[in-house]
> 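Let me give you the structure first, and then I'll get to my questions.
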Amino acid sequence: MPMPSSSLPLTKLLPSPCPPSSAALPLLRRRAMSSIAAAADPITPSGTRVGWIGTGVMGRSMCGHLMRAGYALTVFNRTVAKAQPLVDMGARLADSPRSLAALSDVVFSIVGYPPDVRSVLLDPSSGALASLRPGGVLVDMTTSDPSLAEEISAAASAKGCHAVDAPVSGGDRGARNAALAIFAGGDPATVRRLEPLFAVMGKVNYMGGPGKGQFAKLGNQITIASTMVGLVEGMVYAHKAGLDVGLFISAISTGAAGSKSLDLYGNRILQRDFEAGFYVNHFVKDLGICLKECERMGLALPGLALAQQLYLSLKAHGEGNLGTQALILTLERLNNVSLENAGSSNL
């Protein structure tokens, strides 16, 4: 009896694959070798094309460092005027993230909110990944959702590309001084390969797989939030106690109460300098992501929740475009005091 078709060997049931023609083999081999070589090429100013999406308070300084280090940059910003200083330095201006990525080996992004990240990187018609060549790398430096970082990594991998989440801490001064703390998540070999680029902007810290850079940055924001609350409360207390607040913050800066927040913002607060090194609006966004992650983890962080409420009050007063040091305004309103001219001897 003939063997039933269902019991035939699998090789007999499936059509034989059509082998590539001898003429096509060299082309396929060249493409495969090109992709492997591209992924392994070292990062150098002469051999690496860099694209940059987002040239605001932080991005503009970070781009400037890369250009001064000799890297050729293509830039994109929704508000073209914000990219003009970089164009004047010699950067090429792209009309979309997609066109930028077509001219780039490594694409950085530092934009406002998670939906912006999704749009500039993953939008199928205009996003960077749509035109990034195999072996190319996406590096998102926005503070964003860890789950979105994981999604970007998976989408990049499906296209033969790489993705790293690398949010930063240090504010506008850290960006200007190339002294940022960079929290990187992704494939460790890819992060190591990007070190020449990261070194131009600050110090990279490898935190683990995709999304772990975002988790580290969120933990950083939780720490800063409570530190900022403590700083402005201490300043209001010192003022109410009749101290010269300038002398007070100078005195505590070298003791256990010293902090980066005090160094960066203490005198700015006394000078009523609320210009944004990091926007209240963006900090509220970051703390909101933190709270969402805490809810998912079943984690209670009351200091974080309090800081979020105090910063939200700034937004309610139309002060979301001020810097995070404007938190003093909330404490002044709560206590019906003003620290204006409270530290004249230190100014």
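Treat the numbers as computed from the prediction; the structure is a model and nothing was measured. Counting from 1, the numbers follow the sequence of the chain as shown. Excluded from the calculations below are hydrogen atoms, water molecules and symmetry mates; all remaining heavy atoms, backbone and side chain alike, are included.
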> Okay, side chain of Asp145, backbone of Leu148: is any donor-acceptor separation there less than 3.5 Å?
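Checking the backbone N and O of Leu148 against the side chain of Asp145, no donor-acceptor pair under 3.5 Å is found.
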> Got Leu138 and His162 here, is their nearest side-chain heavy-atom distance under 4.5 Å?
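A side-chain contact under 4.5 Å is absent here.
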> Is any NZ, NE, NH1 or NH2 atom of the basic residue among Lys292 and Glu295 found under 4.0 Å from an Asp or Glu carboxylate oxygen of the other?
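No.
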> Does a side chain donor of either Thr142 or Asp140 reach within less than 3.5 Å of an acceptor in the other side chain?
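Indeed, the side chains of Thr142 and Asp140 share at least one donor-acceptor pair under 3.5 Å.
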> Would you find a donor on one side and an acceptor on the other, under 3.5 Å apart, between the side chain of Thr143 and the backbone of Pro167?
no
> Let me confirm one number: the CE-CG distance from Met228 to Leu262, rounded to the nearest 0.5 Å.
10.0 Å
> Could you pull out all residues at least two apart from Arg333 that satisfy salt bridge (Lys or Arg N to Asp or Glu O under 4.0 Å)?
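Scan of Arg333 (salt bridge (Lys or Arg N to Asp or Glu O under 4.0 Å), adjacent residues dropped) gives Glu319.
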> Between Gln325 (side chain only) and Ile269 (backbone N and O only), is there a donor and an acceptor less than 3.5 Å apart?
no
> Does a donor on one side chain sit under 3.5 Å from an acceptor on the other, for Thr227 and Ser261?
no
> Mind checking the CZ-CG spacing from Phe76 to Leu93? Nearest 0.5 Å is all I need.
8.5 Å
> If only side-chain N and O atoms count, and only distance matters, is there a donor-acceptor pair under 3.5 Å linking Gln221 with Asp286?
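There is such a pair (donor and acceptor under 3.5 Å, judged by atom type) between the side chains of Asp286 and Gln221.
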> Count I, L, V, M, F, W, Y as connected when their side-chain heavy atoms are under 4.5 Å apart, and connections chain through other members. Are Leu264 and Val229 then in the same cluster?
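Same cluster: Leu264 reaches Val229 through Ile, Leu, Val, Met, Phe, Trp or Tyr contacts under 4.5 Å.
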> Spell out, as yes or no, whether a donor-acceptor pair under 3.5 Å connects the side chain of Ser250 to the backbone of Gly246.
no
> Tell me, please, which residues at least two apart from Arg49 pass salt bridge (Lys or Arg N to Asp or Glu O under 4.0 Å).
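Expected list: Asp105.
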> Quick one: do Tyr265 and Leu327 satisfy side-chain contact (heavy atoms from CB on, under 4.5 Å)? Show the steps, please.
CA-CA 11 Å; Tyr265 298 122; Leu327 185 63; over 6 Å; no
> Ser169 versus Ile224: any side-chain heavy-atom pair under 4.5 Å?
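Yes; the side chains approach each other to less than 4.5 Å.
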> Are any of the side-chain heavy atoms of Leu194 and Val164 separated by less than 4.5 Å?
yes
> If hydrophobic clusters are built by linking Ile, Leu, Val, Met, Phe, Trp and Tyr wherever their side-chain heavy atoms come under 4.5 Å apart, do Leu312 and Leu314 end up in the same one?
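Linked, Leu312 and Leu314 end up in one cluster.
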> Does atom NZ of Lys260 have more than 12 heavy-atom neighbours from other groups under 6.0 Å away?
no
> What salt bridge (charged side-chain N to carboxylate O under 4.0 Å, His left out) pairs are there with at least one residue in residues 108-117, not counting sequence neighbours?
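Checked against salt bridge (charged side-chain N to carboxylate O under 4.0 Å, His left out) - neighbours excluded - the pairs reaching residues 108-117 are Arg78-Asp116.
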> If you compare all heavy atoms of Tyr206 against all heavy atoms of Gly186, which two are closest, and at what distance to 0.1 Å?
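Here Tyr206 and Gly186 meet closest at OH-O, 2.7 Å.
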> Between CE of Met297 and SG of Cys290, what distance do you get to the nearest 0.5 Å?
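Here the rounded value is 9.0 Å.
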> Would you name the heavy atoms of Pro45 and Ala69 that are closest together and state the gap between them?
CG-O, 3.6 Å
> Does the side chain of Ile152 come within less than 4.5 Å of Asp165's, by heavy atoms?
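Not touching, per the 4.5 Å side-chain cut-off.
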> Is there a side-chain contact between Leu103 and Arg92, using heavy atoms and a 4.5 Å cut-off?
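They are in side-chain contact.
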> Could you give all pairs that pass the salt bridge (charged side-chain N to carboxylate O under 4.0 Å, His left out) test and reach residues 55-75, with sequence neighbours left out?
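Not a single pair qualifies under salt bridge (charged side-chain N to carboxylate O under 4.0 Å, His left out).
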> Indicate yes or no: at least one non-hydrogen side-chain atom of Cys294 is less than 4.5 angstrom from one of Leu304.
yes
> Strictly distance-based, threshold 3.5 Å: is any side-chain N or O of Glu340 a donor or acceptor partner for the main-chain N or O of Arg272?
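It does not hold such a pair.
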> Over all heavy atoms of both residues, which pair between Gly323 and Val280 is shortest? Give the atoms and the distance, please.
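Closest approach of Gly323 to Val280: O-CG2, 3.4 Å.
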> Using a 3.5 Å distance criterion without hydrogens, assess whether the side chain of Asn77 forms a donor-acceptor pair with backbone atoms of Lys82.
no
> Tell me whether Thr44 contacts the main-chain N or O of Gly47 through its side chain, where contact means a donor paired with an acceptor under 3.5 Å.
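The answer is yes, because a donor-acceptor pair under 3.5 Å joins these two groups.
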> So, do Met58 and Met141 sit near enough that their side-chain heavy atoms are less than 4.5 Å apart?
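Side-chain contact under 4.5 Å: no.
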> Are the side chain of Ser131 and the backbone of Ala102 linked by a donor-acceptor contact shorter than 3.5 Å?
yes
> Report yes or no: does Glu195 contribute a side-chain atom to a donor-acceptor pair with the main-chain N or O of Val204 at less than 3.5 Å?
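The answer is no, because no donor-acceptor pair under 3.5 Å joins these two groups.
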> List the atom of Ala128, the atom of Val107, and the distance in Å for their closest heavy-atom pair.
CB-CG1, 4.2 Å
> Is there a side-chain contact between Ile289 and Pro114 (heavy atoms, below 4.5 Å)?
yes
> Between Ile43 and Tyr71, is a side-chain contact (heavy atoms from CB on, under 4.5 Å) present by the stated rule, with each step listed?
CA-CA 10 Å; Ile43 300 289; Tyr71 290 95; 3.6 Å; yes
> Just to verify, what does Asp172 make a salt bridge (Lys or Arg N to Asp or Glu O under 4.0 Å) with, not counting sequence neighbours?
Arg176, Arg268
> Keeping to residues at least two apart or across chains, list the salt bridge (charged side-chain N to carboxylate O under 4.0 Å, His left out) pairs with something in residues 213-223.
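Sorted result for residues 213-223: empty, none.
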> Test side-chain contact (heavy atoms from CB on, under 4.5 Å) on Tyr113 and His282 and set out the steps.
CA-CA 8 Å; Tyr113 299 88; His282 290 168; 3.5 Å; yes
> Would Leu66 and Ile182 show up in the same hydrophobic cluster when neighbours are defined by side-chain heavy atoms closer than 4.5 Å?
yes
> Are Leu121 and Leu129 close enough, and set up right, to give a side-chain contact (heavy atoms from CB on, under 4.5 Å), and what steps lead you there?
CA-CA 6 Å; Leu121 297 186; Leu129 186 58; 5.7 Å; no
> Is Leu218 reachable from Phe278 through a run of I, L, V, M, F, W or Y residues, each pair having side-chain heavy atoms under 4.5 Å apart?
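Looking at the clustering, Leu218 is in a separate group from Phe278.
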